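Single-structure report; data block below.
Model, not experiment: these values are computed from the prediction.
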Amino acid sequence: MSQGQSVGTEFENYDVWDLSETEIPPRAVLYNLAPAGIGTTEVESLSGYISRLAQEHYLSPVVLLKSSAGDLSELPKILLQNSISSVFAGGLNGFGTSTESIVQVLEKATYRNDIRQTTLLSFKGKLS
């Protein structure tokens, strides 16, 4: 500093920093992967969506579903056997209670609200 300069002018060109805490939004457990073909006749099935989502996470579908559930009681008990039977997989795209619970778990874990469109849940009560 040269003689004659005032100390107060030294800091006049600096911005004041806001040091308050920044609110960080909650993070999804799973990728926010959009189901393919939503709104078209070519919509992806729930079983296909689960397979694709599991592949993106390098997990098996059962491990993906178990790790995305906050509480394992949210999932159908058949998934606790570490495999998906062909009978269970066949009904997964329908409108049963297992489908509803899996959709709820996935929508919560991905922060998406359109996963139910990969199923027949909108026809519940209209089809037998």
Side-chain angles (χ1 to χ4, degrees):
M1 182 175 350
S2 63
Q3 245 180 347
Q5 258 187 329
S6 70
V7 177
T9 60
E10 224 177 299
F11 298 104
E12 287 180 16
N13 294 330
Y14 294 101
D15 293 331
V16 177
W17 289 1
D18 180 11
L19 298 177
S20 61
E21 285 190 31
T22 303
E23 190 173 319
I24 299 174
R27 301 289 183 230
V29 174
L30 300 175
Y31 298 141
N32 188 304
L33 188 65
I38 292 290
T40 70
T41 57
E42 304 283 323
V43 67
E44 179 175 34
S45 67
L46 179 61
S47 56
Y49 178 75
I50 291 170
S51 294
R52 197 163 55 92
L53 190 59
Q55 184 178 9
E56 288 295 316
H57 285 276
Y58 296 97
L59 298 171
S60 73
V62 172
V63 172
L64 175 97
L65 290 170
K66 285 182 174 182
S67 63
S68 60
D71 180 7
L72 290 179
S73 68
E74 297 174 1
L75 293 172
K77 296 207 183 312
I78 197 163
L79 289 178
L80 303 179
Q81 299 173 1
N82 295 328
S83 66
I84 296 177
S85 69
S86 59
V87 173
F88 178 75
L92 191 60
N93 303 315
F95 48 76
T97 56
S98 295
T99 302
E100 180 71 38
S101 61
I102 289 173
V103 165
Q104 288 173 358
V105 165
L106 289 175
E107 286 184 342
K108 183 177 170 185
T110 59
Y111 287 165
R112 298 199 63 82
N113 60 2
D114 55 359
I115 296 174
R116 67 182 44 256
Q117 294 177 32
T118 64
T119 68
L120 295 174
L121 285 171
S122 60
F123 295 103
K124 190 173 187 171
K126 297 174 183 135
L127 296 176
S128 59

- Can you get from Leu59 to Leu33 by hopping between Ile, Leu, Val, Met, Phe, Trp and Tyr side chains that sit under 4.5 Å apart? yes

- Query: Where the side chain of Asn93 meets the backbone of Leu46, is there a donor-acceptor pair that is under 3.5 Å apart?
  - Reply: yes

- Message: A side-chain contact here means heavy atoms from C-beta on lying under 4.5 Å apart; do Thr119 and Leu92 qualify?
- Response: no

- Query: Looking at CD1 of Ile38 and CD of Glu42, how far apart are the two atoms once the value is rounded to the nearest 0.5 Å?
  - Reply: 12.5 Å

- Query: Hey, any chance Phe123 and Ile115 share a hydrophobic cluster, counting ILVMFWY side chains that come within less than 4.5 Å of each other, even indirectly?
  - Reply: yes

- Message: Taking Glu100 first and then Lys124, would you say they form a salt bridge - that is, a charged N and a carboxylate O separated by under 4.0 Å?
- Response: no

- With a cut-off of 6.0 Å (strictly less than), are more than 12 heavy atoms of other residues, nucleotides or ligands near CD of Glu74? yes

- Query: What heavy-atom pair brings Asp18 and Ser20 nearest, and what distance separates the two atoms?
  - Reply: OD1-OG, 2.8 Å

- Query: Any sub-3.5 Å donor-acceptor pair from Lys77's side-chain atoms to Ser73's backbone N or O?
  - Reply: no

- Within-4.5 Å side-chain heavy-atom neighbours: Arg116 and Glu107: yes

- Note on the structure: Rounding to 0.5 Å, atoms CG (Leu106) and OG1 (Thr118) come to a distance of 8.5 Å

- Would you say Val29 and Tyr111 are hydrophobically clustered, going by side-chain heavy atoms of ILVMFWY under 4.5 Å? no

- Note on the structure: Rounded to the nearest 0.5 Å, the CD atom of Gln104 sits from the CD1 atom of Ile102 at a distance of 11.0 Å

- Task: Determine whether Leu75 and Ser101 make a side-chain contact, defined as any pair of heavy atoms from C-beta on separated by less than 4.5 Å.
- Result: no

- Task: State, to 0.1 Å, how close Arg112 and Tyr49 come at their nearest heavy-atom pair, and which atoms those are.
- Result: CD-OH, 3.9 Å

- Item | His57 side-chain N/O to Arg52 backbone N/O, donor-acceptor pair under 3.5 Å | no

- Task: Flag yes if Val43 and Ile50 sit in one hydrophobic cluster, no otherwise; membership is Ile, Leu, Val, Met, Phe, Trp, Tyr, and two members link when side-chain heavy atoms are under 4.5 Å apart.
- Result: no

- Item | ILVMFWY cluster, Leu72 and Val62 together (side-chain gap under 4.5 Å) | yes

- In Å, rounded to the nearest 0.5 Å, how long is the span from CG of Asn113 to NZ of Lys108? 15.5 Å

- Item | Donor-acceptor pair, side chain of Asp114 and main chain of Ala34, under 3.5 angstrom | no

- Does some side-chain heavy atom of Leu120 sit less than 4.5 Å from a side-chain heavy atom of Thr99? no

